[in-house]
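Following: one structure in structure tokens, then a few remarks.
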Amino acid sequence: MNTKALPSLTLLELADPGLPGLESYSPFCLKVHRALKYAGLPYTRACAGNPASHRAHNPTGQVPVLLVDGEAVPDSTNILARLTLLAPDRFAASPEALLWEELADTAVNGFLVASRWADERNWPATRAAYFASMPAPVRAVIPNLIRRKVVRGLVARDVWRAGPEACWRRFESLLDQLDARAPEQGFWLPGGLGVADLALFGQLHSLRTPLTPWQAGQVALRKRLSTWLDRVDEATRGAATPLHAVEGP
Ligand SMILES: N[C@@H](CCC(=O)N[C@@H](CS)C(=O)NCC(=O)O)C(=O)O
């Protein structure tokens, strides 16, 4: 690779969770971290406690945003498309990849958000992990208000509307469908590792953290799916760690 041609890359994201092998609790930031590492592109990190802190670079107030030579590229789908242009030899191209990416970013993400914010079994761990740095008096109020808003969103997305039992039944059925399609060898689509792997990995690997033990157990029960996840993890951990972390914005 011609290092002179490499652009300067800065990933605007959330705080590092401090867990080995997990760069972010955000599945979309995790997806981008792993794409950058797999592409072998060096980058710096600008972490903030709240996605809206990066609003100057993304009017939706969401993360991730990648600064490419100072130009803001928001949204993980756009970012992966840009990385595919920057490192075309690294990512397998397939017309189906965007369908899988859409499934991961919408349907699978709905279950991930429900597992952390709506599932009573996991809410205490989620609250502790997300709001640890908040002063105690504020922490007694704000997380529950945010939780109510997130759960309203899950009802609107039709993830939580019929209640927990229906939600987790659908979740198990989706995992079964994915398990049946997971490749026994290699990556999700023919031709090698690509966008489908990175997008599905971002959401499904995020279900394997200590925040959501029941959901992690359900993923572990699907052996083909879990083995493929381990393969993507191994391939994308990358020797190339970020150049350095910077606090920001
Ligand atoms: N479509 C976006 C979704 C990004 C997203 O939902 N990010 C979350 C963090 S995991 C966020 O910023 N949430 C704050 C909000 O929606 O206000 C992408 O693919 O990047």
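Counting starts at 1 for both ligands and their atoms, in listed order.
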Suppose we measure from [atom] to each protein heavy atom; which comes out shortest, and what is that distance?
atom                    : value
atom 19 (O) of ligand 1 : S76 OG, 2.6 Å
atom 7 (N) of ligand 1  : V63 O, 2.8 Å
atom 6 (O) of ligand 1  : Q62 NE2, 3.3 Å
atom 10 (S) of ligand 1 : S26 OG, 3.1 Å
atom 14 (C) of ligand 1 : P51 CG, 3.7 Å

Problem set entry | Plane angle bin for H205 and F201 - parallel if under 30°, tilted between 30 and 60°, otherwise perpendicular | parallel
Exercise. When you check the gap from the basic side-chain N to the acidic O, do E101 and K31 get nearer than 4.0 Å?
Worked result: yes
For this session: Using a strict 4.0 Å threshold on nitrogen-to-oxygen distance, state whether R34 and D197 make a salt bridge.
Result: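 Judged by the 4.0 Å cut-off on N to carboxylate O distance, R34 and D197 do not form a salt bridge.
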For this session: Answer with yes or no whether the side chains of W100 and E96 bring together a donor and an acceptor at under 3.5 Å.
Result: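 Present: a donor and an acceptor within the cut-off.
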Exercise. For ligand 1, which atoms sit closer than 4.0 Å to a heavy atom of P64?
Worked result: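 Those of ligand 1 that fall under 4.0 Å from P64 are 20 (O).
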For this session: Find all atoms of ligand 1 within a distance of less than 4.0 Å from any non-hydrogen atom belonging to D75, and give their numbers and elements.
Result: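 Once the distances to D75 are compared, the set is 1 (N), 2 (C), 18 (C), 19 (O), 20 (O).
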Exercise. Is a donor on one side and an acceptor on the other found under 3.5 Å between the side chain of R82 and the backbone of V68?
Worked result: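 Judged by distance alone, no pair lies under 3.5 Å.
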Problem set entry | Cation-pi, W214 ring and R121 (6.0 angstrom, 45 degrees) | yes
For this session: Output yes when the distance from some N or O of ligand 1 to some N or O of T60 is under 3.5 Å, and no in every other case.
Result: no
